[in-house]
Amino acid sequence: MLELSDVSVRYGQHRALDHASVRVDKGEIVVILGANGAGKSTLLKAASGICEGIVQGRIQLDGTDLTTLSPNRIVDAGLALVPEGRGVFPDLTVRENLTLGAYSRRARDDEALTLDRVYTLFPKLREREKQTVRTMSGGEQQMVAIGRAMMSNPTILTLDEPSLGLSPLLSKELFQNLAKVRDLGIGVLMVEQNAKQSLAIADRCYLIENASVVHEDTAANMMQDPAVQAAYLGAGSSAPPATQTAPAVLPTPEPASFAIKPRSQQTLSADAVLGRSVADLVSAASQQSIDVTARQRPGAATTARVPTDRLAAVMGEIERAAQAARNRPRMTAPKRGAPGPVADQPTAAAKPPPVIEVYRAPRVEVYRRQPGGSEFERS
Ligand code: ATP
């Protein structure tokens, strides 16, 4: 068992860890969650003997005091670290990277056996053993880093943000692989930002805030904790706790201060465009038409004069309305729930239209170094 009791770390005047106590048993996965700068990496580094700060407190692995040991002796004792950013050797092959992981005394004699165990755990590494690591995907490189740490035959494997930079799919694969590591009886202690996926496979979890461990619980309980959900799991990313009820009224989204809508999507009524009812105009024209027709019927009073002048007047009215609509400031479509279409405010109409600058996409040229030479070739 790895046990950190009352561990404090100072970098100069800055206290990065304050009396933190954490333990990990063999065959369990423990996740450490916390904000940036909370002290998570410091805790892992302190355990591995590579912390640049002043470390105080007790750190033991199966009864061995690690605080007095050099980093390589800590690996000999059975603690391996996969550092943030993996730390693989990119120009070496997969196999060379893995073999380097077996430099510790406890692993040297069993190198072939351990290598076979790692290949069984991650079959892809066996398939790719001759591949140069720099040509591998991020997920595959992370697998190499974990495989290399496993080559030291640890009892406790620690990992600093192993899913950093991996897609959700690759992260899922990574966490499934860590579950396989646990199934071998190895204890896994990891610092993670991906709380959702890491808690899904973890047994227990610690929360670190401002250098202190503020909470410890099973991973299942942590996932149901509203504070953890709010801080680390994001709204809607986990089932709500049983006590949580749906809000009676859905919150109204803040109206956007402005919106640019394609013209084709704007719908304005003809009445709004003309500024008066089209029905009125049509009805007036139609009435004139009826009057004319009635007065032209046989037997109708011959004295009746065809009121073409009135018809012309109505048509002129329609024409004027159309002209006025053309000259009117642009109308905007009404927002949902608003009383109707709104003309631009006079002040806004008076203002010059906003200038929208259009930038050209920058031209990017990629140069590739020629193998074995200093020449560059444009691709
Ligand atoms: P992140 O999630 O961003 O990696 P973290 O929780 O792992 O954050 P740490 O890296 O442990 O945080 O750092 C804890 C605090 O200690 C930070 O304020 C950091 O600036 C400081 N710190 C870490 N390493 C050093 C160092 N070598 N020298 C001085 N200060 C350091």
Side-chain angles (χ1 to χ4, degrees), residues 2-24 29-59 61 66-67 69-72 74 79-88 138-139 141-142 145-146 149 156-168 170-171 174-175 178 187-202 204-217 219 222-223 225 227-234 237:
L2 173 68
E3 196 167 16
L4 292 89
S5 314
D6 274 336
V7 173
S8 298
V9 177
R10 268 192 303 113
Y11 297 106
Q13 294 300 309
H14 180 66
R15 187 173 281 264
L17 213 53
D18 194 9
H19 298 282
S21 295
V22 166
R23 79 180 155 76
V24 192
I29 295 179
V30 175
V31 177
I32 298 178
L33 299 178
N36 292 121
K40 307 178 299 292
S41 302
T42 296
L43 186 139
L44 293 192
K45 286 183 189 171
S48 295
I50 56 166
C51 186
E52 303 92 340
I54 295 170
V55 181
Q56 292 171 316
R58 218 176 62 231
I59 305 175
L61 179 61
L66 302 186
T67 50
L69 298 184
S70 59
N72 57 315
I74 290 175
L79 186 74
L81 170 70
V82 179
E84 187 176 338
R86 299 164 199 146
V88 287
Q141 290 191 20
Q142 190 57 271
I146 295 171
I156 302 286
L157 178 68
T158 61
L159 305 102
D160 197 351
E161 303 205 16
S163 77
L164 197 72
L166 300 188
S167 68
L170 286 179
S171 300
L174 164 86
F175 290 123
L178 291 177
V188 177
L189 174 64
M190 67 172 144
V191 162
E192 252 301 324
Q193 296 286 353
N194 188 337
K196 193 180 174 191
Q197 287 190 339
S198 59
L199 284 177
I201 54 134
R204 290 188 305 111
C205 173
Y206 291 89
L207 289 188
I208 297 190
E209 275 174 24
N210 295 325
S212 300
V213 173
V214 292
H215 192 42
E216 171 196 354
D217 209 336
M222 282 285 192
M223 285 178 96
D225 188 318
V228 174
Q229 287 182 350
Y232 301 105
L233 296 171
S237 63

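Order of listing sets the numbers, starting from 1, for every ligand and every atom in it. Numbering starts at 1 and runs along the sequence shown. Computed from a prediction, not measured in an experiment: that's the story for all the values here.
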Undergrad: If the criterion is any heavy atom closer than 4.0 Å to an atom of ligand 1, which residues make the list?
TA: Tyr11, His14, Ala16, Ala35, Asn36, Gly37, Ala38, Gly39, Lys40, Ser41, Thr42, Glu52, Glu161, Gln193
Undergrad: Less than 4.5 Å apart, any side-chain heavy atom of Leu207 and any of Tyr232?
TA: yes
Undergrad: Tell me, please, which residues at least two apart from Ile74 pass side chain to side chain contact (heavy atoms under 4.5 Å, CB included).
TA: Leu66, Leu69, Leu79
Undergrad: Tell me, do Leu199 and Leu33 make a side-chain contact under 4.5 Å, heavy atoms counted?
TA: yes
Undergrad: May I ask you to check whether over 12 heavy atoms, not counting those of Arg15, lie within 6.0 Å of atom CZ?
TA: yes
Undergrad: Is atom CG of Asn210 surrounded by more than 12 heavy atoms (other residues, nucleotides or ligands) closer than 6.0 Å?
TA: no
Undergrad: Indicate the atoms forming the closest heavy-atom contact of Ile201 with Met190, along with that distance.
TA: CD1-CE, 3.8 Å
